[in-house]
Amino acid sequence: MHDISAIVHAQHVLNAGYQCLVLDAPAIASMAQPGQFVHLRITGLEPAALRRPFSIYRASDSQLSILYKTVGRGTEQLSRLRPGDTLTAMGPLGNGFPLETHDRWPVLVAGGYGVAPLSFLARRLNRQGMLLVGGRTAADILCTEEFTALGWDVRVATMDGSQGTHGLVTTLLDAWLARPGHPAATFYACGPDGMLRAVAERAQLAGSPAWLSLDKHMVCGVGACLACVQRLRKPDGTTWIARVCRDGPIFEAGEIVWEHPR
Amino acid sequence: MHDISAIVHAQHVLNAGYQCLVLDAPAIASMAQPGQFVHLRITGLEPAALRRPFSIYRASDSQLSILYKTVGRGTEQLSRLRPGDTLTAMGPLGNGFPLETHDRWPVLVAGGYGVAPLSFLARRLNRQGMLLVGGRTAADILCTEEFTALGWDVRVATMDGSQGTHGLVTTLLDAWLARPGHPAATFYACGPDGMLRAVAERAQLAGSPAWLSLDKHMVCGVGACLACVQRLRKPDGTTWIARVCRDGPIFEAGEIVWEHPR
Amino acid sequence: MNTPPPAAAAARPDLAVTIAGIQMQNPVTVASGTFGYGKEYAHLVDLRQLGAITVKGIRLQPWDGNPLPRHVEVPGGMVNAIGLQGPGVAGFIRDYLPFLREVGVPVLVNIWGTSVEEYAEVAERLSDVEGIAGLEVNISCPNVKEGGASFGADPRTVAALVAAVRRRTRLPLIPKLAPNVPNIRPYAQAAAEAGADALSLINTIPAMVINIETRRPVLANKVGGLSGPAIHPVAVKLVWDAAQAVKIPIIAMGGITGPEQAIEFLIAGASAVAVGTATFIDPGTVLRVIAGIEDYLVRHQIQRVRDLTGSLLTT
Amino acid sequence: MNTPPPAAAAARPDLAVTIAGIQMQNPVTVASGTFGYGKEYAHLVDLRQLGAITVKGIRLQPWDGNPLPRHVEVPGGMVNAIGLQGPGVAGFIRDYLPFLREVGVPVLVNIWGTSVEEYAEVAERLSDVEGIAGLEVNISCPNVKEGGASFGADPRTVAALVAAVRRRTRLPLIPKLAPNVPNIRPYAQAAAEAGADALSLINTIPAMVINIETRRPVLANKVGGLSGPAIHPVAVKLVWDAAQAVKIPIIAMGGITGPEQAIEFLIAGASAVAVGTATFIDPGTVLRVIAGIEDYLVRHQIQRVRDLTGSLLTT
Ligand SMILES: Cc1cc2nc3c(=O)[nH]c(=O)nc-3n(C[C@H](O)[C@H](O)[C@H](O)COP(=O)(O)OP(=O)(O)OC[C@H]3O[C@@H](n4cnc5c(N)ncnc54)[C@H](O)[C@@H]3O)c2cc1C
Ligand SMILES: Cc1cc2nc3c(=O)[nH]c(=O)nc-3n(C[C@H](O)[C@H](O)[C@H](O)COP(=O)(O)OP(=O)(O)OC[C@H]3O[C@@H](n4cnc5c(N)ncnc54)[C@H](O)[C@@H]3O)c2cc1C
Ligand SMILES: Cc1cc2nc3c(=O)[nH]c(=O)nc-3n(C[C@H](O)[C@H](O)[C@H](O)COP(=O)(O)O)c2cc1C
Ligand SMILES: Cc1cc2nc3c(=O)[nH]c(=O)nc-3n(C[C@H](O)[C@H](O)[C@H](O)COP(=O)(O)O)c2cc1C
Ligand code: FES
Ligand code: FES
């Protein structure tokens, strides 16, 4: 893990509100695993501004990319950086997704920018699978061509019906699960909490493992401040409090003790 | 007096560490008088940063310029602004120099960036006079060609002797005053407190009026906060506390009650 | 026939508040010491739009304040030690009140003294004068050696001071409390029980800046008070605590730079707010705050700003 | 022959300090709760270079802390309500102390409890263990309902708590004082007289942030504590005041982002300093502070950092 000055190599606009930032950061990029993240100190925010965490979307030996949505002052400032500008990047952080699928079919479930770490995962998995991707509207659906190009089965749902099926991404998941004789799956999911929880419930019913990437507000990114905790259940039934930044952000769905049981 | 968004028209480097900023700000420029100042909210400093005051160096119907020295984070950020950038300017503020010389010879005494308002004054006076200008080194001597071009008698002193007389600007003043039969003068001075005080003392001895521009740290710039006060003596001998931003920044030397009498 | 007004033509929300019997057209005033006596900003701010004007602190006699430097910029704000320079009661009435009367919005006069008797006398002297809506009693200025903060440091001295002033004036009394206390509640209660009509909080937080090159305090007064965005979350906590403790209304201040921070105060329990340090940076702030509160009410379909006061949801 | 060393080969300044009998190679530690148990930053910071390591607060038993969200960013800093989550004494000794012993710099353990008895018991339990240099007694955490701040709110309870802990341990005791008091002196004196060996200040300042769209507190705990650059001038004032009141050394913290703020604390009267929130933003801060203090001493020709302590010129 490193904390280094990285140079902006490129900044691409993807859909409206979404951009891809490419950084020259070999020390981090060369070690990055899918599901890991970088913690960025964004140049131009006042010196006391906290860092912002972003999943790694692409990594080569020398460069790494993030795919981000502009949602607040941090990401707004990030979107203003231009090639040649520098920022400080800490990473790779977190545990990453397990790459071993144990002969199960990888089913990736993504909401919004949650597709970023899953896209990286698809490139590093030893087999093809299916991507279920949801968003509010067509602009929130990203990276589908990449998956198609890799030979993945891609299914889209939008809340307003502007692309793919009308509804939540779980509608797609339910339809697929309802089909008799579907193959045994391993789920990998990244998106809002509600979506993760829906995936967890369905995976449990199906008896499938589900690896969820949790999105908790973070401060230190290294496990020191305890801002990002999540209660987990051990196999013996006792619980402990994990730090999402260091012990996660990826957890198996069955471990997670959801906060408001329903 | 206005508080307006002004557009950076140009930014010129003068000597090392000194720049000239030209703003499109007709509402302020068209009203500006020599000795008045603008109070700038510098874009790119965090939103809670206080404004910074700068004397008006030039004003036309549409543009105004300041001549500034980069001394801290405010002026550093100012020096990064480029044509087309905007900032917020309040002004013209303060009282300005009296333009009536009562048939006395105008003798301007400047230290460092203090030459800026005096240069503006020279352009608006109805007669030529003399500029005595001092600085630490040659780089601190600005605008002398302008004065020469206007037909003024220009004399330079530097502390390190790198330009003009070796020593303080008061050395020039003393030399001039020592010459028998020099004309009756009105002094106008802008520079560090020590210089102003030296001019005040000599003007008093010579029985000449001396208009001094005081440089006090400011907050509001309009007389509301009382950060910039100066004790003054009334003709009847009683004293009062003036606000340099609103009642000044120009005061007649005889009015000023210097803080540590020597 | 009784036709209800069409839903589309939504009425403008009611911004008026009554604080301590003072009718304000909106809940926004300026913080004492940051707006002079109104006059200084008259060229830049349409004073008639303000909910009230709160003027710089005055004592009985003219007062010089502290030597310079009196301020220093810090991250998120500034530290000041003006030291309550002012024209005294007579000077205020002579030089500033006539102008303020013309403006026509309620005038709150911030008062202080170096003894309980002086506070009471200032209050009394201002009571007979036309054009003063209420008195903000500054018992928390960190920048004067005697008076100011020393009265605000203990609930008992707060009570004694407020009661003494109460006996000498009918004007609404609004003690301004200090932020640097373990628990604001006993202070707020002491003031209320002693006859305060409203509370003002917060004053600046005692602070100090050292020039490490000269190894001297930057301020001539050595210490000063911190104001600006840095103190806003601290002020919100104190306003919330105080609002739980007393029924009298609260005028909240500390780090307002736009409508958002003002709305936080209202939700926390304030009935009105004051814009301070932000005026130095953008004199338009106070009008922006008024307009922004109105927009917020429209957007949230809240008819009256007073319904926002204390509307924090905590369950 | 006795040749004096040539003036050019100036010796490196002496950074060592002894606080409460604890020998530190330099006067810089980390603020409790901002550096975990050292381990978490071991990949990014060479721990052996620190003056000491101060760990996250622990009580007798493991403690869950508060629900999320536990933090929110504000201008000039952040507000946190972690709520002292920790592994308890036994868990700390088992899981973290072995690693810390290996590092080889003094370890300060921040302790708390919900009763005087619990504080004393935690102290006792830690006394027999190898590898603990001293105890920072947290009597000022704004983020737990019982314990923490309630003990720090009155000089009498401070005295009682410190005295009770003193009876049960020989480890150096460093009470950590609350910043939100009218006057820090009686608190500092009470702690010193009850047997404290040094003082730590300041803890975070109680604060609150409201989401105006949901009208709810942003933090699940409703209130939290403000830290970061915003509080530095407030901390300097308190350190200066406390240093006038007591002879025991002070470890100062609050808003250090570089050597400048640390040096201000030393000049104001602190013997050591701690870097807190800044580590989250730049983990290299603590090493930058150490190097920067050394540079400053060289530049100002001060041989020993302890000569800087309390060197403020006020005349
Ligand atoms: C492990 C992880 C991976 C992430 N990956 C991505 C990604 O690939 N692409 C992407 O667009 N976003 C990602 N996010 C979310 C991203 O960190 C936030 O959108 C971003 O911090 C918002 O910053 P802002 O200043 O623009 O927003 P603001 O709302 O102004 O942020 C204000 C404060 O809230 C914190 N904050 C706000 N939202 C979040 C959040 N969701 N998570 C953590 N802190 C938050 C910020 O750090 C800051 O302290 C990820 C978050 C986590 C925890
Ligand atoms: C009436 C007036 C006219 C001026 N005219 C000019 C000019 O024509 N050219 C020029 O180069 N400079 C001028 N100055 C000085 C100029 O305002 C300061 O150099 C500038 O504010 C420094 O800002 P900074 O952030 O770069 O420095 P910093 O030292 O980082 O400033 C920190 C703080 O100190 C205040 N401050 C520092 N120095 C001064 C100062 N001398 N006066 C007021 N506030 C100060 C700043 O406002 C800020 O709050 C003038 C000052 C006054 C009062
Ligand atoms: C320059 C200055 C002068 C002040 N003068 C007074 C005063 O005379 N009386 C008073 O009660 N408060 C005074 N205050 C405190 C403010 O009224 C206000 O309580 C404080 O600044 C917090 O608000 P802010 O953060 O919005 O500035 C002064 C503050 C500043 C910055
Ligand atoms: C996330 C966080 C956790 C903290 N936890 C503790 C703690 O467990 N015990 C304690 O005494 N102080 C704790 N503090 C307070 C710090 O030790 C320090 O006193 C305060 O943050 C001021 O320093 P800073 O501004 O440099 O952060 C914590 C602060 C933060 C920001
Ligand atoms: S962000 Fe600090 S522990 Fe996870
Ligand atoms: S700067 Fe505020 S009165 Fe002069």
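These values consider heavy atoms only, across backbone and side chains, with no hydrogens, waters or symmetry-generated copies. Labels below follow one simple rule: chain letters A, B, ... track the order of the sequence lines, proteins then strands, and each chain is numbered from 1.
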Quiz item: Does the side-chain contact (heavy atoms from CB on, under 4.5 Å) test come out yes or no for C:V72 and B:H217, once each step is laid out?
Solution: CA-CA 9 Å; C:V72 51; B:H217 288 211; over 6 Å; no
Exercise. Report the C-alpha separation of C:E73 and B:R73 in whole Å, then their side-chain angles, then the decisive distance to 0.1 Å, and conclude whether the side-chain contact (heavy atoms from CB on, under 4.5 Å) test is met.
Key: CA-CA 11 Å; C:E73 193 179 46; B:R73 66 190 195 98; 3.1 Å; yes
Exercise. Please lay out, stage by stage, how B:C220 and C:Y41 fare under the test side-chain contact (heavy atoms from CB on, under 4.5 Å).
Key: CA-CA 10 Å; B:C220 70; C:Y41 276 111; 3.3 Å; yes
Practice problem: Take C:L44 and B:M90, measure what side-chain contact (heavy atoms from CB on, under 4.5 Å) needs, and give me the verdict at the end. | Solution: CA-CA 9 Å; C:L44 292 167; B:M90 189 191 291; 3.8 Å; yes
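No more than 12 heavy atoms of other residues, nucleotides or ligands shown are found within 6.0 angstrom of NZ on B:K69. Within a 6.0 Å sphere centred on CD of C:E213, other residues, nucleotides and ligands contribute more than 12 heavy atoms. Heavy-atom neighbours of C:R48 CZ from other residues, nucleotides or ligands within 6.0 Å: at or below the threshold of 12.
Ranking C:D282, C:T34, C:T257, C:T277 against chain B, the residue ahead of the rest is C:D282, based on heavy-atom pairs under 4.5 Å. Put simply, of C:M78, C:K39, C:Q85, the one with the most heavy-atom pairs under 4.5 Å next to chain B is C:Q85.
With rounding to the nearest 0.5 angstrom, the CG atom of B:L226 is 10.0 Å from the CG atom of C:L68. Atom NE2 in C:H71 sits 7.5 Å away from atom SG in B:C225 (nearest 0.5 Å). If you take CD1 on C:I281 and OG1 on B:T88, they are separated by 11.5 Å, rounding to the nearest 0.5 Å.
In terms of heavy atoms, B:A48 sits closest to C:G77 at CB-N, 4.3 Å. Minimum interatomic distance between B:R243 and C:E40 (heavy atoms only, all atoms of both residues): NH1-OE2, 3.6 Å. For the pair B:R51 and C:P283, the tightest heavy-atom approach, listed with the atom from each and the gap, is NH2-CD, 3.8 Å.
Heavy atoms closer than 4.5 Å to chain C are found in the backbone of B:M218, but not in its side chain. Heavy-atom distances place no part of B:H39 under 4.5 Å from chain C, backbone and side chain included. Within the 4.5 angstrom heavy-atom criterion, no atom of C:P69 approaches chain B.
Residues B:V229 and C:R70 form a side-chain contact, since some pair of their non-hydrogen atoms from C-beta on lies under 4.5 Å apart.
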